[in-house]
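Encoded as structure tokens, the structure appears first; notes follow it.
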Amino acid sequence: MQRIGVFVCHCGTNIAATVDVKAVAEALKNEPGVVFSTDYQYMCSEAGQNIIKDAIKEKNLTGAVICSCSPRMHEATFRKAAASAGLNSYMVEIANIREQCSWIHKDIEVATKKAIALGKAAVAKVHLNTPLTAGESPVVKRALVIGGGIAGIQTALDIADAGFPVDIVETKPTIGGKMTQIDKTFPTLDCAACILTPKMVDCAQNENIRILSYSEVAEVKGFVGNFTVKIRRKARFVDETKCTGCGLCTEKCPQKKVPNEFNLGMDNRTAIYIPFAQAVPKVATIDPNACMMLKSGKCGVCSKVCGVNAIDYKMQDSYLEEKYGAIVVATGFNPINVEKYDEFAYTQSKDVVTSLEFERLMNAAGPTNGTLLRPSDGKHPHTLVFVQCVGSREDGKGCKGGKEYCSKICCMYTAKHAMLCREKYPDTEVYVFYIDVRTPGKNFDEFYRRAVEQYGVHYIKGMVGKVVPRSDGKLEVQASDLIDNKQLHIQADMVVLAAAIEPDKSARPLATMLTASMDTNDFFTEAHPKLRPVESPTAGVFLSGTCQGPKDIPETVAQAGAAASKVIGLLVKNSLKGNPCVAHSNELMCNGCESCEKVCPYGAITYADKEFRMPNRTTAIRHVAEVNPAVCQGCGACTVACPSGAMDLNGFSTKQIMAEVDAICQ
């Protein structure tokens with residue numbers, strides 16, 4: 001006979017303002033098996049937990065129902081409290097009367113009735129609960145960081161400094177990410193390369209860090225503490241162990257008309273190249289789409305001039321399989337494609353550029369060696385117009401692929417660009433058209449006001465309607481000034497578009513491999529927006545940088561350090577307690593269809609041929625499912641897919657679920 005205790009939380013006024021908490025406690029007192037029912041202001045507090053512990057001991061409770069907030073918030077808290085009082089933690093059920101009740105109702109009578117129904121369902125489930133014991137699995141003391149930008153670099157350095165080996169997987173030939181393309185950083189205007197390149201070198205020299213550049217994650221299996229990852233190492237046709245990065249091959253290569261992606265196609269590189277001078281690893285890479293030797297078998301100049309015989313035209317992609325205890329996602333961002341915004345004439349004029357392209361034009365290592373020149377004719381521009389929020393803060397329903405969210409960094413880097421222009425070229429006139437100026441960071445608003453007050457940048461509240469290239473090389477900018485309520489026509493030499501940022505294209509397929517959650521904009525979703533901001537809902541997967549949402553550099557570095565601390569906290573453990581709520585197969589009912597194996601995202605289900613004794617005492621070989629409890633994460637997909645009902649889930653069996661349904665329908 002079950003002896004169940006019910007504990008109803010007020011949650012301040014979060015629940016009590018809409019639900020008659022005392023009425024809920026009184027109603028559930030009459031449910032079969034309930035021997036104790038009470039309410040308290042904050043059940044998750046120390047005093048609230050003591051009420052639960054004391055009741056378990058004094059009333060000899062065999063089960064507990066907590067009517068409170070979402071299990072995502074405090075299920076672990078209440079289970080620990082129950083366990084400390086001697087009750088198996090899996091005999092505790094949470095009835096969510098906050099998110100599923102009080103927060104979505106305004107009528108107290110309706111909300112109270114629903115809260116009672118949810119409580120009854122939880123009580124009905126506890127009657128069928130059985131004590132569960134979590135198994136343990138060892139932790140592989142190695143971490144994987146996917147992405148080699150500033151987020152990935154900082155995360156890897158922090159983990160490595162704690163003494164754990166780390167692998168960085170980067171799709172580009174070098175680590176560094178977008179920050180390598182930036183000239184100055186706001187609001188201090190210090191050199192981006194001066195900040196980043198020492199960290200890149202630290203990564204290369206750290207004995208605990210292995211850089212797997214020009215590589216990508218191909219497959220992920222396993223679970224927290226024990227992931228098995230297959231990494232595809234793309235053929236760069238240069239032996240990394242031999243190449244010294246001397247650059248002689250790049251100087252002698254006859255194919256010199258390949259668009260340079262590092263400078264966003266604004267100049268050319270050779271078919272064999274090193275992305276930039278401070279690249280790490282500083283190893284040449286052959287572009288197979290441009291190399292004449294790989295395409296036609298004619299050339300081979302780079303091989304002839306290489307003094308260490310590092311060139312290998314027969315190199316093939318290879319695969320590396322490694323085990324990791326934790327995975328950090330740091331896949332970064334890209335500016336959106338602004339070609340669809342043809343009202344700004346981006347496809348019609350070379351003098352209409354994105355902010356990142358403008359960044360390269362201002363960079364001393366850029367295509368113009370830091371001299372601001374118009375791409376169309378190489379002349380110095382005198383009038384520049386910056387257009388804010390191109391692709392940001394849109395309704396997202398149009399065909400242009402715009403984003404509903406604010407990209408967060410655009411207002412500040414536009415102010416930076418405007419200030420640098422005015423400082424370096426005082427003869428320029430700079431106009432910034434904006435919807436709102438958003439400067440929420442430390443010293444950000446002072447930075448923006450400095451652009452206006454000290455450097456004389458013209459900030460105009462309004463939007464640019466159209467940019468029209470003229471026959472004399474000028475750009476006719478048609479815009480509105482909402483403050484003065486008038487239309488403006490500006491003859492500009494250059495127009496700079498502050499393009500929205502979006503997650504890297506690799507994020508979506510990677511999330512599928514990791515079984516990680518994403519939002520509608522393809523940003524990775526955190527386990528909890530406030531309490532667990534760097535953890536993915538998938539155990540053992542952590543988030544770093546702009547893969548989780550738009551961020552500036554300081555915020556990215558801060559989150560990278562936070563993700564590293566979570567990884568270190570995981571890797572210091574020798575073993576982890578598993579989830580006892582795992583699937584199991586009733587072999588007598590299994591018909592061997594293999595449907596469950598196909599839908600299992602963790603690879604926890606296999607099939608085996610087993611010998612069974614039949615009622616007539618003969619034996620038969622049957623093809624049945626087997627579940628590896630160490631791998632199973634209790635998602636329940638197999639129980640839904642099984643046509644014979646042979647698969648069930650500990651703690652969430654079909655009988656338990658139906659008991660809840662029956663209780664609600666009474």
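All residue numbers refer to positions in the sequence shown, counting from 1.
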* Which residues satisfy the salt bridge (Lys or Arg N to Asp or Glu O under 4.0 Å) test with K113, sequence neighbours excluded? -> none
* Inter-residue atom distance S37.OG - E26.CD, 0.5 Å rounding -> 7.5 Å
* Asked: Is S84 reaching over with its side chain to a backbone N or O of A81, donor-acceptor style, under 3.5 angstrom?
  -> yes
* Ion pair check, R79 and E75, cut-off under 4.0 Å -> yes
* Using a strict cut-off of less than 4.0 Å between a Lys/Arg side-chain nitrogen and an Asp/Glu carboxylate oxygen, indicate whether E526 and R532 qualify as a salt bridge. => no
* Tell me whether the guanidinium CZ or amine NZ of K551 lies under 6.0 angstrom from the six-membered ring centre of F333 and within 45° of its axis. => no
* To do: Could you tell me which non-hydrogen atom of F78 sits nearest to which non-hydrogen atom of M43, and how far apart they are?
  => CE2-O, 3.5 Å
* If you measure only the distance, is there a donor-acceptor pair under 3.5 Å linking the side chains of D167 and Y324? -> yes
* To do: Scan side-chain atoms only and decide if S653 and Q656 contain a donor-acceptor pair under the 3.5 Å cut-off.
  => yes
* Asked: For K59 and D54, what are the C-alpha separation, side-chain angles and deciding distance, and is it a salt bridge (Lys or Arg N to Asp or Glu O under 4.0 Å)?
  -> CA-CA 8 Å; K59 304 293 183 179; D54 293 342; over 6 Å; no
* To do: Under the side-chain contact (heavy atoms from CB on, under 4.5 Å) rule, what do V8 and I15 come out as? Steps first, then yes or no, please.
  => CA-CA 10 Å; V8 188; I15 294 173; 5.9 Å; no
* Pair V35-L61, side-chain contact (heavy atoms from CB on, under 4.5 Å): steps then yes or no -> CA-CA 8 Å; V35 298; L61 300 183; 3.5 Å; yes
* **Test: E394 and K403 ion pair at under 4.0 Å** => no
* Determine, stepwise, if the pair R393 / D436 fulfils side-chain contact (heavy atoms from CB on, under 4.5 Å). => CA-CA 11 Å; R393 303 172 65 186; D436 302 296; 2.7 Å; yes
* Check: N226 side chain, S137 main-chain N or O, donor-acceptor pair, under 3.5 Å -> no
* **Residues D522, K505: salt bridge by 4.0 Å N-O rule** => no
* Structure fact -> Heavy atoms of L543 and T525 approach each other most closely as CD1-O, 3.8 Å
* **Side-chain heavy atoms of L570 within contact of L576, under 4.5 Å** => yes
* Compare every heavy atom of A64 with every heavy atom of V126, then report the nearest pair and how far apart it is. => CG2-O, 4.0 Å
* Asked: Would you say V557 and I150 make side-chain contact, with heavy atoms under 4.5 Å?
  -> yes
* Pair K230 + E216: basic N to acidic O under 4.0 Å -> no
* Non-hydrogen atoms of P643 and N591 that approach each other most closely -> CG-ND2, 4.3 Å
* Calculate, to the nearest 0.5 Å, the distance between atoms CD1 and CG belonging to I209 and D161 respectively. => 7.5 Å
* Asked: How far does SG of C11 sit from CH2 of W103, to the nearest 0.5 angstrom?
  -> 7.0 Å
* Structure fact -> Between L531 and H528 the two heavy atoms that sit nearest each other are N-ND1, 3.0 Å
* So, does D504 use its side chain to make a donor-acceptor pair with the main chain of A507 at under 3.5 Å? -> no
* Would you say the side-chain atoms of N208 pair up with the backbone N or O of A160, donor to acceptor, closer than 3.5 Å? -> yes
* Structure fact -> dist R438:CZ -> I409:CD1 (nearest 0.5 Å) comes out at 14.0 Å
* Can any side-chain N or O of T546 pair as donor or acceptor with the backbone N or O of G549 at less than 3.5 Å? -> no
* Measure the shortest side-chain to side-chain distance between V65 and I4 over non-hydrogen atoms and say whether it is less than 4.5 angstrom. => yes
* To do: State, without any angle test, whether S575 and E136 hold a side-chain donor-acceptor pair at a distance under 3.5 Å.
  => yes
* Would D648 and H584 count as having a side-chain donor-acceptor pair, cut-off 3.5 Å? -> no
* **Side-chain touch K408/E555, heavy atoms, less than 4.5 angstrom** => yes
* To do: Applying side-chain contact (heavy atoms from CB on, under 4.5 Å), run through T639 and T654 and close with a yes or a no.
  => CA-CA 9 Å; T639 65; T654 302; over 6 Å; no
* Asked: Hey, does the side chain of S102 reach the backbone of N14 with a donor-acceptor pair shorter than 3.5 angstrom?
  -> yes
* Would you kindly say whether T331 and S506 are connected by a side-chain donor-acceptor distance under 3.5 Å? => no
* **Charged N-O contact under 4.0 Å between E660 and K125** => no
* Asked: Any side-chain heavy atom of I108 within less than 4.5 Å of one from V19?
  -> no
* Asked: With a 3.5 Å cut-off and no angle check, do the side chains of E46 and N50 form a donor-acceptor pair?
  -> no
* Side chains of D20 and T112: is there a donor and an acceptor less than 3.5 Å apart? -> no
* Structure fact -> Note: C596 and M647 closest approach over all heavy atoms is CB-CG, 4.2 Å
* Asked: Would you say the side chains of N579 and Q633 form a donor-acceptor pair under 3.5 Å?
  -> no
* Asked: Would you call the rings of F36 and F7 parallel, tilted or perpendicular, where under 30° means parallel and over 60° means perpendicular?
  -> tilted
* Asked: What distance separates L144 CG from F542 CZ, expressed to the nearest 0.5 Å?
  -> 12.5 Å
* Check: S644 side chain, M589 main-chain N or O, donor-acceptor pair, under 3.5 Å -> yes
* Asked: Looking just at side-chain N and O atoms, do K323 and T228 make a donor-acceptor pair shorter than 3.5 Å?
  -> yes
* **Steps toward side-chain hydrogen bond (donor to acceptor under 3.5 Å, both in side chains) verdict (N129, E93)** => CA-CA 9 Å; N129 280 8; E93 286 298 323; 3.0 Å; yes
* Structure fact -> CZ of F227 to OG1 of T538, rounded to nearest 0.5 Å, is 7.5 Å
* When you look at NZ of K141, are more than 12 heavy atoms from neighbouring residues, nucleotides or ligands closer to it than 6.0 Å? -> yes
* Within the side chain of E99, is there an N or O that forms a donor-acceptor pair under 3.5 Å with the backbone of S70? -> yes
* Using atom types as modelled and distance alone, determine if a side-chain donor or acceptor of T512 lies under 3.5 Å from a backbone N or O of R508. => yes
* Is any side-chain heavy atom of I159 closer than 4.5 Å to a side-chain heavy atom of R142? -> no
* Structure fact -> side-chain hydrogen bond (donor to acceptor under 3.5 Å, both in side chains) test vs T62 passes for just one of Q2, H127, R3, namely Q2
* Contact list for residues 577-597, test salt bridge (Lys or Arg N to Asp or Glu O under 4.0 Å), sequence neighbours left out -> E587-K610
* Does the side chain of N628 reach to within under 4.5 Å of the side chain of T606, using non-hydrogen atoms? -> no
* Please tell me if the side chains of C581 and L132 come closer than 4.5 Å, counting only heavy atoms from C-beta onward. => yes
